[in-house]
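Step one of this worksheet: look at the structure below.
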Amino acid sequence: MIAVSDLGKKDSPSPVRRHTGVDPVSAVKMPEGLTAAVDQWAEAHRLTRSDAICKLIELGLKIAPPAPTPVHPLASEATKIEEIAVHEIESLLDPALPADERERRIRRLTEGPPEFSHERIDLPKQHRT
């Protein structure tokens, strides 16, 4: 008699998985040359390829500068754009103008007329009481 598998039965126990470690498996796609270099490094340090990749990544992360995380990326972009606008406006203004008049004109052009400030979406809203 031929034994038939009972995979279709709901009462059958689930297949046993072999645990190879507590860490999840991550596949890494690398060019052949890089794989060969990792294998050489692993052999020189008597590690498996998997352990060598982990160690090399840890080493790289230790010496890599931390990635800049801007608090408000949109705010920093807006500030940068405003600085460029101010620079361009300054180059167009008459150098003979007094400093306070130059500042007033720049402010008026970058902030807009006060009568339209309630329409601007980039400025915080002021609540009227």
To the nearest 0.5 Å, tell me how far [X] [atom1] sits from [Y] [atom2].
X    : Y    : atom1 : atom2 : answer
K62  : I57  : NZ    : CD1   : 13.5 Å
E88  : L93  : CD    : CG    : 11.5 Å
R107 : R104 : CZ    : CZ    : 8.0 Å

List the atom pairs, with distances to 0.1 Å, where a side-chain N or O of residues 34-42 and a protein N or O form a donor-acceptor pair under 3.5 Å, not counting sequence neighbours.
| unit_1 | atom_1 | unit_2 | atom_2 | d |
| --- | --- | --- | --- | --- |
| T35 | OG1 | P31 | O | 3.1 |
| D39 | OD1 | R49 | NE | 2.7 |
| D39 | OD1 | R49 | NH2 | 3.4 |
| D39 | OD2 | R49 | NH2 | 2.8 |

Would a single hydrophobic cluster contain both M30 and L59, if residues Ile, Leu, Val, Met, Phe, Trp and Tyr are joined by side-chain heavy-atom contacts under 4.5 Å?
yes
Is it possible for you to say whether L47 and L61 belong to one hydrophobic cluster, with membership spreading through side-chain heavy-atom contacts below 4.5 Å?
yes
So do L109 and V86 actually touch side chain to side chain, heavy atoms under 4.5 Å?
no
How about H45 and D51: do any of their side-chain heavy atoms sit closer than 4.5 Å?
no
Is K80 salt-bridged to E83, cutoff N-O under 4.0 Å?
no
Please determine whether a side-chain nitrogen of the Lys or Arg among E101 and R105 lies less than 4.0 Å from a carboxylate oxygen of the Asp or Glu.
yes
Minimal heavy-atom distance between R102 and D94, with the atoms involved, is NH1-O, 2.9 Å
